[in-house]
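All values below come from the heavy atoms of this structure, side chains included, with hydrogens, waters and symmetry mates left out.
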Amino acid sequence: MRFVSSLKIAGLATAIALAGCATTAIAQEPAAAAPAATAADDGYPLVGGDFWEITAIDLKPGGGLAYANHLATQWRAGQEFAKSKGWIKDYMVMSNYYNRAGEPDLYLISVIDHVPSGPEGEAQFVAYRAWAKSSAEKLQAESADRAEFREIMSNSLLQEMTFR
């Protein structure tokens, strides 16, 4: 909820900043009336929704098939496990069809309804390690092994914003 509040504050700051830029436009056309606030909301037109965790992947030359096999087996199985536990709502792999130099080839996306707290995230990691029959060290080593055919370019956490 703090995240949505910070977005409201950022939105208000942006609106104030843009108000100075809009003075010449106001002289040309009348401003549209703002939607009326109801008792159920504070007048802010957007509400926070699901979070999308997005990992940008660059495939190294010749690494596409090896990484696709990893995604189709281990990664997918882990995502299905997380989905069965209710930790994620959905997951997908998106291809950057017209990627330019320096842009990712793939995006791995997990959709969650909330960001887990510290203890909740730790409990999920413990349960995942038990399911995978693995240790933190082994999982790190397996991730390092995949570096021969892919590079993680970035991770982002986006929140879907919907209109009221």
Side-chain angles (χ1 to χ4, degrees), residues 1-18 21 44-164:
M1 201 57 176
R2 279 185 275 169
F3 186 74
V4 172
S5 296
S6 67
L7 284 176
K8 290 179 183 177
I9 292 168
L12 180 59
T14 302
I16 292 169
L18 290 176
C21 299
Y44 192 74
L46 300 172
V47 63
D50 291 335
F51 291 89
W52 288 46
E53 182 179 18
I54 303 171
T55 303
I57 303 292
D58 180 47
L59 297 172
K60 294 186 177 178
L65 179 60
Y67 197 60
N69 283 329
H70 163 72
L71 292 175
T73 55
Q74 292 173 286
W75 185 80
R76 184 179 184 187
Q79 295 296 309
E80 285 295 329
F81 173 72
K83 195 171 180 178
S84 76
K85 293 293 192 180
W87 301 340
I88 66 173
K89 294 174 76 174
D90 201 4
Y91 64 94
M92 62 199 78
V93 178
M94 303 286 276
S95 173
N96 189 355
Y97 200 72
Y98 291 123
N99 64 322
R100 297 169 293 230
E103 291 183 345
D105 297 299
L106 298 174
Y107 294 95
L108 309 181
I109 301 171
S110 297
V111 181
I112 56 177
D113 61 9
H114 71 282
V115 177
S117 67
E120 182 183 6
E122 181 62 28
Q124 289 176 358
F125 188 51
V126 168
Y128 179 83
R129 285 192 323 252
W131 169 82
K133 298 177 178 72
S134 194
S135 66
E137 294 80 18
K138 185 176 177 195
L139 291 171
Q140 281 291 329
E142 290 169 354
S143 178
D145 290 345
R146 289 188 292 279
E148 70 182 72
F149 45 83
R150 65 95 174 102
E151 178 183 343
I152 296 174
M153 297 181 72
S154 66
N155 284 310
S156 298
L157 182 63
L158 306 179
Q159 185 176 28
E160 180 181 7
M161 302 300 290
T162 57
F163 296 104
R164 290 191 186 271

message: I need the single residue from Glu53, Lys89, Gln79 that forms a side chain to side chain donor-acceptor pair (under 3.5 Å) with Ser110. Which is it?
response: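 Answer after filtering Glu53, Lys89, Gln79: Gln79.
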Flag yes if more than 12 heavy atoms outside [X] fall under 6.0 Å of its [atom1] atom; otherwise flag no.
{"X": "Gln124", "atom1": "CD", "answer": "yes"}
{"X": "Trp87", "atom1": "CH2", "answer": "yes"}
{"X": "Arg129", "atom1": "CZ", "answer": "yes"}
{"X": "Met94", "atom1": "CE", "answer": "no"}

Hey, does the side chain of [X] reach the backbone of [Y] with a donor-acceptor pair shorter than 3.5 angstrom?
{"X": "Lys60", "Y": "Ala147", "value": "yes"}
{"X": "Arg164", "Y": "Tyr44", "value": "yes"}
{"X": "Gln159", "Y": "Gly49", "value": "yes"}
{"X": "Asn96", "Y": "Pro104", "value": "yes"}

Give me the atom names and distance for the closest heavy-atom approach of [X] to [Y].
{"X": "Gly63", "Y": "Phe149", "result": "CA-CB, 3.5 Å"}
{"X": "Glu142", "Y": "Gln74", "result": "OE1-NE2, 4.4 Å"}
{"X": "Phe81", "Y": "Ser84", "result": "O-OG, 2.7 Å"}

query: Quick one: salt bridge (Lys or Arg N to Asp or Glu O under 4.0 Å) partners of Asp113, sequence neighbours excluded?
result: none
Distance in Å, [X] [atom1] paired with [Y] [atom2], rounded so as to fall on 0.5 Å steps:
{"X": "Leu65", "Y": "Leu59", "atom1": "CG", "atom2": "CG", "answer": "11.0 Å"}
{"X": "Tyr107", "Y": "Ser154", "atom1": "OH", "atom2": "OG", "answer": "7.0 Å"}
{"X": "Met92", "Y": "Leu106", "atom1": "CE", "atom2": "CG", "answer": "14.0 Å"}
{"X": "Leu158", "Y": "Ile109", "atom1": "CG", "atom2": "CD1", "answer": "9.0 Å"}

Audit row: Ile57, Ile152, side-chain contact (heavy atoms from CB on, under 4.5 Å) steps and yes/no: CA-CA 5 Å; Ile57 303 292; Ile152 296 174; 3.8 Å; yes
task: With sequence neighbours excluded, tell me which residues meet ring-ring contact (aromatic ring centres under 6.0 Å, His included) with Tyr91.
output: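 Tyr91 satisfies ring-ring contact (aromatic ring centres under 6.0 Å, His included) with Trp75 once adjacent residues are dropped.
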Answer whether the closest heavy-atom distance between the side chains of [X] and [Y] falls below 4.5 Å.
{"X": "Ser143", "Y": "Arg150", "answer": "yes"}
{"X": "Lys83", "Y": "Asp90", "answer": "yes"}
{"X": "Leu139", "Y": "Phe125", "answer": "yes"}

query: Can you check side-chain contact (heavy atoms from CB on, under 4.5 Å) on Leu46 and Phe163, steps first, answer last?
result: CA-CA 5 Å; Leu46 300 172; Phe163 296 104; 3.3 Å; yes
task: Decide yes or no on side-chain contact (heavy atoms from CB on, under 4.5 Å) for Glu120 and His114, but give the supporting numbers first.
output: CA-CA 11 Å; Glu120 182 183 6; His114 71 282; 2.9 Å; yes
- request: Decide side-chain contact (heavy atoms from CB on, under 4.5 Å) for Asp105 and Asp58; before the verdict, give the C-alpha distance in whole Å, the side-chain angles of both, and the deciding distance to 0.1 Å.
  value: CA-CA 5 Å; Asp105 297 299; Asp58 180 47; 3.1 Å; yes
